[in-house]
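For reference, the structure discussed in these notes is given below.
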Amino acid sequence: MLKVAVLVSGGGTNLQAIMDAIDNGTITNTEIKVVISNNAGAYALERAKNKGIDAVCVSPKDYENREIFNDALLAKIDEYGVDLIVLAGFLVKIPEKLVEKYERRIINIHPSLIPSFCGVGYYGLKVHEAALERGVKVTGATVHYVDAGMDTGPIILQKAVYVEEGDTPEILQRRVMEQAEWQILPQAINMIANM
Ligand code: GRF
């Protein structure tokens, strides 16, 4: 049984896709042990609570400095003894000591076809604004292992999505979520759970 911690910061639609996939058998041999957010108001925490999953806030605001926060985040994750950490819209920089301790056991979903539109400053809507600005005809999403860089780890899965006439960043974001993110993140977890 793959034990998973999911780290979130926002609405949690990717978390919901994972929970739904476990419920409907798209993901097997997997249990979400805890959902952790840096943001106490993240609706993703509500989604976890609604499923009876431990939902915990570990916020940098509650700690004297970033180093102490990093230690608290690592300690909280360690408490659950997980095999895999899934970053599902987690907007806090991952502490190096976490990357080292959980080497090749942290995965992230990014809303573009890496290496396009990724790295520092590319998150959330900004990714889709940049894709529309550049005029790409195809974008999509990527699941990759997390290493010490930003969106630089080995790629696990990608899925392409067409940009359509008249797309706004919001419309494109939704299509990339529906057609790519919510498909390949559960698929990647299932692959890892059954390797
Ligand atoms: C998604 O767009 C994901 O690609 C990015 O952050 C967003 C999280 O959305 N990493 P949600 O919280 O899963 O709805």
Side-chain angles (χ1 to χ4, degrees), residues 4-23 26-27 30 32 34-51 53 55-59 73 84-94 98-99 106-133 136 138-147 149-163 167-190:
V4 175
V6 183
L7 275 49
V8 296
S9 295
T13 63
N14 276 283
L15 168 67
Q16 191 66 52
I18 297 167
M19 296 191 299
D20 294 348
I22 291 171
D23 285 350
T26 306
I27 297 178
T30 299
I32 300 175
V34 62
V35 173
I36 300 172
S37 181
N38 59 302
N39 167 13
Y43 186 63
L45 291 176
E46 288 309 306
R47 293 181 191 267
K49 286 176 195 157
N50 292 343
K51 292 293 285 184
I53 296 171
V56 178
C57 176
V58 181
S59 167
L73 179 63
L84 181 71
I85 298 168
V86 177
L87 308 184
F90 190 61
L91 296 179
V92 169
K93 179 153 176 33
I94 299 300
L98 184 65
V99 175
I106 309 175
I107 65 174
N108 180 49
I109 176 83
H110 183 76
S112 76
L113 295 175
I114 289 175
S116 299
F117 313 116
C118 65
V120 177
Y122 286 103
Y123 57 89
L125 269 184
K126 292 175 188 290
V127 174
H128 305 290
E129 286 164 1
L132 291 171
E133 176 68 28
V136 296
V138 175
T139 185
T142 302
V143 180
H144 63 93
Y145 285 107
V146 172
D147 64 8
M150 176 74 81
D151 302 329
T152 51
I155 290 172
I156 301 170
L157 287 176
Q158 293 187 300
K159 191 161 189 287
V161 173
Y162 280 103
V163 180
D167 272 350
T168 63
E170 291 77 7
I171 292 171
L172 184 55
Q173 178 180 54
R174 183 76 193 183
R175 188 178 312 119
V176 168
M177 283 178 156
E178 284 173 352
Q179 295 183 9
E181 296 178 40
W182 301 343
Q183 315 297 324
I184 62 175
L185 187 54
Q187 210 181 320
I189 294 167
N190 189 57

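Bear in mind that the values here come from a model prediction, so they are computed numbers and not experimental data. Note that ligands are numbered from 1 as they come in the structure, with each ligand's atoms numbered from 1 the same way. When a residue number appears, it is its place in the shown sequence, counting from 1.
- Ranking the protein heavy atoms by distance from atom 12 (O) of ligand 1 puts Gly12 N, 2.8 Å first.
- Formation of a donor-acceptor pair under 3.5 Å by the His110 side chain with backbone atoms of Phe117 is found in this model.
- Residue, atom and distance of the protein heavy atom nearest to atom 5 (C) of ligand 1 are Gly89 CA, 4.0 Å.
- Of all protein heavy atoms, the one lying nearest to atom 10 (N) of ligand 1 is Ile109 O, 3.2 Å.
- Using a 4.0 Å cut-off between a side-chain N of Lys or Arg and a carboxylate O of Asp or Glu, Glu129 and Lys126 do not qualify as a salt bridge.
- The Pro111 neighbourhood of ligand 1 comprises atoms 4 (O), with distances under 4.0 Å to a heavy atom of that residue.
- In this structure, the separation between CD1 on Ile85 and CG on Asn108 is 12.0 Å, given to the nearest 0.5 Å.
- Taking both residues in full, the closest heavy atoms of Ser112 and Thr139 are given as CA-OG1, 4.1 Å, listed atom of the first, atom of the second, then distance.
- Residue Met177 has no N or O atom closer than 3.5 Å to an N or O atom of ligand 1.
- Taking atom 14 (O) of ligand 1 as the reference point, the nearest protein heavy-atom neighbour is Thr13 OG1, 2.6 Å.
- Protein heavy atom in closest approach to atom 1 (C) of ligand 1: Glu181 OE1, 3.2 Å.
- In this structure, Ser37 contributes its side chain and Ala42 its backbone to no donor-acceptor pair below 3.5 Å.
- Around the OH atom of Tyr145, the shell of radius 6.0 Å holds more than 12 heavy atoms that belong to other residues, nucleotides or ligands.
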